[in-house]
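Notes for the one structure printed next.
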Amino acid sequence: MDRMEAIQAANLFAWGTNAMDIRRIVASDTVMLRNAVLPPGLPPDRSIYPGDDARDTLHLGVFLDTTLVAVATLCREPLPDNNITTSWRLRGMAALPECRGRGFGRQLVERCLRYAVDQEGTLVWCTSRISTVPFYRALGFREYGDAFSLPQYSDALYVHMQHPLP
Ligand SMILES: CC(C)(COP(=O)(O)OP(=O)(O)OC[C@H]1O[C@@H](n2cnc3c(N)ncnc32)[C@H](O)[C@@H]1OP(=O)(O)O)[C@@H](O)C(=O)NCCC(=O)NCCS
């Protein structure tokens, strides 16, 4: 399914009467949505991350009926400025535009936080564009360090955000 087909399929779900399911998926299932959303137009190999195939990496997908409409990935990885091995990195958060604002992102993040706790993690962190800081703040993350750029991805400014675990 290409991006347009995915968006057209998602339009079928606009009124929210479909069965929703969140389940574990494999790394290759995430690529189409990552590629379409994060940010669109990058070469496909930019949508494959180190750690995607690690045994303890978690990939989750939200399905409306049989259509994958949102994804998230959690992998064991320290923040760039430390080597705390109980840190987990949340990345590849992507929801089809037509399916945003319906709580799917929140449910994915909450499931990832629970998984990190189950793995005896002490911290979940992510790299957020400045524009998505309010989303992560709503889920309990806080900014960590100064803003920086990632020109290989986009012209946006980014910041690390972290969420300590109990
Ligand atoms: C970021 C993204 C995954 C959020 O998914 P979503 O399903 O729309 O988010 P939710 O509906 O679960 O929102 C969760 C909470 O964040 C808040 N939120 C979401 N987007 C927000 C925004 N742009 N500004 C402020 N708050 C926002 C919601 O109000 C909600 O808060 P509440 O539960 O307290 O009411 C989705 O917008 C997306 O795919 N964006 C493009 C890709 C992207 O930017 N990914 C992050 C890369 S850094």
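One-based numbering, in listed order, for ligands and for the atoms of each. Just the heavy atoms: all of them, side chains too, but no hydrogens, waters or symmetry mates, feed the values below. One-based numbering along the sequence shown.
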For ligand 1, run through the N/O pairs with the protein that fall under 3.5 Å and put one pair on each line.
from	atom 1	to	atom 2	distance (Å)
ligand 1	7 (O)	Gly105	N	2.8
ligand 1	8 (O)	Gly101	N	2.8
ligand 1	11 (O)	Gly101	N	3.4
ligand 1	11 (O)	Arg102	N	3.3
ligand 1	11 (O)	Gly103	N	2.9
ligand 1	12 (O)	Gly105	N	3.2
ligand 1	12 (O)	Arg106	N	2.7
ligand 1	33 (O)	Arg106	NE	2.6
ligand 1	33 (O)	Arg106	NH2	3.0
ligand 1	34 (O)	Arg106	NH2	3.1
ligand 1	39 (O)	Ala95	N	2.7
ligand 1	39 (O)	Ala95	O	3.4
ligand 1	39 (O)	Arg100	NE	3.4
ligand 1	44 (O)	Arg129	NH2	2.4
ligand 1	45 (N)	Met93	O	2.9

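Scanning for ring pair (Phe, Tyr, Trp, His ring centres under 6.0 Å) contacts around Phe148 gives His160, with sequence neighbours left out. Not counting sequence neighbours, the partners of Asp81 by the side-chain contact (heavy atoms from CB on, under 4.5 Å) test are Leu79, Tyr144.
A side chain to side chain donor-acceptor pair (under 3.5 Å) with His59 holds for exactly one of Thr73, Asp29, Thr30; it is Thr73.
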Inset, instruction - Step by step, work out the salt bridge (Lys or Arg N to Asp or Glu O under 4.0 Å) result for Asp52 and Arg34. - result: CA-CA 13 Å; Asp52 264 353; Arg34 287 181 184 172; 2.9 Å; yes
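The six-membered or imidazole ring of Trp125 lies away from that of Phe141, with a centre-to-centre distance of 6.0 Å or more.
Hydrophobic cluster membership for Val26: none, as no Ile, Leu, Val, Met, Phe, Trp or Tyr side chain comes under 4.5 Å of it.
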